[in-house]
Amino acid sequence: MKKHNFYAGPSILSEYTINNTIDGIRNFADTGLSVLEISHRSKEFQAVIDGASALVKELLDIPEGYSVLWLGGGASLQFCMIPYNFLKTKAAFTDTGTWAHNAIKEAGLFGEALVVGSSADANYSFIPKGYEVPADVDYFHYTSNNTIYGTEVRKDPDVPVRMIADMSSDIFSRPVDVSKYDAIYAGAQKNLAPAGVTLVIVKDDALGQAGRPIPTMLDYRTHVKKGSMFNTPPVLPIFSAYQTLKWYKELGGVEALEKLDLEKAKLLYGAIDDSRIFQGTVTDPEDRSIMNVCFVMKPEYKELEKDFLDFVAPLGIMGIKGHRSVGGFRASLYNALPIESVQVLVNAMKEFEAKH
Ligand SMILES: *Cc1c(COP(=O)(O)O)cnc(C)c1O
């Protein structure tokens, strides 16, 4: 039966990515070897990592003076590498969820982590607004999409300092003005590739100013200088990411992807808003994520949540159980998810509602 994959991460990959990855595992670039068993320094793999980095630059319209890196350790290692490399004395943060919170915690090991806005007291159900970022901080860090809570910042914030963002779960779903950022990072397993690689974009001349010794592997300059090949990079996730990036380009780039993502989100939020039994968890509609849609049963129908999960399972709907810190349901609508899957979910919601 056809499956409809709403998992939040690792998550759906396009057929194009899956099929080309399988081909590369069997016979990589006509070498007669698998991409799994060939040197990362071979000219064939060099072409993959160069091609992937070039496509990232093209798709995000990255200006001169930035490097694209492919690193291990997940987005979580970036919570440490970012302050290690960029924090001199003080950085500002918005606390918008678990991942933002983790970034703040790690930054506190290197200097002052100033929280200028937080929705922690409201279980992160909105994006703080009207906060002020002091001009004397080294940078402002934010999480563009809060994967667990279903809130998203869909416009580059307007602050008086350089920015750094965790875009793990919404990169390539909107155009970004990269020139405002010293760094952008994204664990690949949400909207790009299998788990195991993190895409990092750094501004070259912003590096080397933190004034502290940095261990070699944690120093971005190492990876800039060596083209992400100081040590063996995660070759298979990079190979898969390259396939996804080619597919993104074929589809028309981030503007086209954003349009598709907005249509999918509109369809699902529309069904939630029209529903008698379901309701969204994000309090300000402006903050609703188009990547992760969080919803619950209204209080008077709360006991039906388990029944709904049982109801959708035979329809091939997978991965909509909400994160334990929000409960209810979360449907992730990443780039690779076809709108047909959203329609199947919406139909299931209507059918279930009619029965109750
Ligand atoms: C998943 C996620 C992370 C954590 O990524 P890892 O690769 O597991 O370390 C960090 N930030 C955001 C926004 C995420 O969605």
Side-chain angles (χ1 to χ4, degrees), residues 5-13 69-84 91 93-107 113 118-120 123-128 140-154 156-157 163-174 176 181 183-201 217-218 223 228 233-234 236-238 240-241 244 261 281-282 287-294 319-326 330-337:
N5 182 356
F6 295 96
Y7 274 108
S11 42
I12 187 166
L13 294 166
L69 308 177
W70 303 92
L71 307 180
S76 296
L77 184 61
Q78 297 308 308
F79 299 155
C80 146
M81 280 178 78
I82 291 287
Y84 224 139
F93 294 80
T94 42
D95 183 9
T96 55
T98 307
W99 303 120
H101 194 80
N102 289 357
I104 293 163
K105 179 167 167 273
E106 296 298 291
S118 172
S119 50
N123 200 32
Y124 298 120
S125 55
F126 65 93
I127 298 284
F140 169 65
H141 177 284
Y142 77 104
T143 310
S144 58
N145 184 65
N146 299 284
T147 322
I148 294 175
Y149 301 91
T151 60
E152 188 174 17
V153 179
R154 295 204 50 74
D156 300 309
M163 294 197 285
I164 293 180
D166 175 359
M167 298 195 182
S168 291
S169 51
D170 68 349
I171 194 154
F172 303 116
S173 74
R174 68 169 171 103
V176 175
Y181 295 82
I184 291 170
Y185 59 96
Q189 69 273 25
K190 312 287 168 45
N191 220 6
L192 188 60
V197 71
T198 307
L199 169 64
V200 183
I201 300 162
M217 274 295 284
L218 300 181
H223 303 293
S228 304
L236 188 68
I238 295 170
S240 284
T244 303
D261 291 332
T281 59
V282 175
D287 300 337
R288 286 170 157 183
S289 168
I290 66 168
M291 295 278 103
N292 312 98
V293 177
C294 293
I320 64 158
K321 192 173 191 309
H323 190 275
R324 62 190 177 281
S325 38
V326 180
R330 171 177 52 176
S332 297
L333 316 182
Y334 296 124
N335 290 351
L337 184 85

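Treat the numbers as computed from the prediction; the structure is a model and nothing was measured. We count ligands from 1, going down the list as the structure has it; atoms in each ligand are counted the same way.
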Q: For atom 9 (O) of ligand 1, find the nearest protein heavy atom and state the residue, atom name and distance (0.1 Å precision).
A: Ser76 OG, 2.6 Å
Q | Distance from atom 15 (O) of ligand 1 to nearest protein heavy atom, with residue and atom | A | Thr147 OG1, 2.4 Å
Q. Between Glu106 (side chain) and Pro83 (backbone), is there a donor-acceptor pair under 3.5 Å?
A. no
Q | Close approach, Met167 and ligand 1, non-hydrogen under 4.0 angstrom | A | no
Q. Taking atom types as modelled and ignoring hydrogens, do the side chains of Asn123 and Ser125 form a donor-acceptor contact shorter than 3.5 angstrom?
A. no
**Q.** Atoms of ligand 1, numbered as shown, that sit under 4.0 Å from any heavy atom of Gly74
**A.** 7 (O), 9 (O)
Q. For the side chain of Asp287 and the backbone of Phe126, is there at least one donor-acceptor N/O pair under 3.5 Å apart?
A. no
Q.
With a heavy-atom distance limit of 4.0 Å, tell me whether Phe79 approaches ligand 1 through its side chain, its backbone, both, or neither.
A. side chain
Q: Say whether Ser169 and Asn145, considering side chains only, have a donor N or O and an acceptor N or O under 3.5 Å apart.
A: yes
(Q) For atom 1 (C) of ligand 1, what is the closest protein heavy atom, and at what distance to 0.1 Å? (A) Lys190 NZ, 1.6 Å
Q | Asp95 and Lys105 ion-paired at < 4.0 Å | A | no
Q: Look at atom 8 (O) of ligand 1 and say which protein heavy atom is nearest, naming residue and atom and giving the distance to 0.1 Å.
A: Gln189 NE2, 3.4 Å
Q. Side-chain donor-acceptor pair under 3.5 Å between Thr151 and Asn146, yes or no?
A. yes
(Q) For atom 5 (O) of ligand 1, what's the nearest protein heavy-atom neighbour? Residue, atom name and distance, please. (A) Ala75 CB, 3.5 Å
(Q) Under a 4.0 angstrom heavy-atom cut-off, which atoms of ligand 1 come close to Thr143? (A) 13 (C)
(Q) I'd like the name of whichever of Asp166, Thr198, Thr96, Asp170 reaches closest to atom 13 (C) of ligand 1 through any heavy atom. (A) Asp166
Q. Between Tyr185 and Phe79, what is the ring plane arrangement, given parallel below 30°, perpendicular above 60°, and tilted in between?
A. perpendicular
Q. Quick one: which ligand 1 atoms are inside 4.0 Å of a heavy atom on Asn145?
A. 13 (C)
Q) Is the side chain of Ser332 donor-acceptor paired with the backbone N or O of Tyr334 at a distance under 3.5 Å, no angle test? A) no
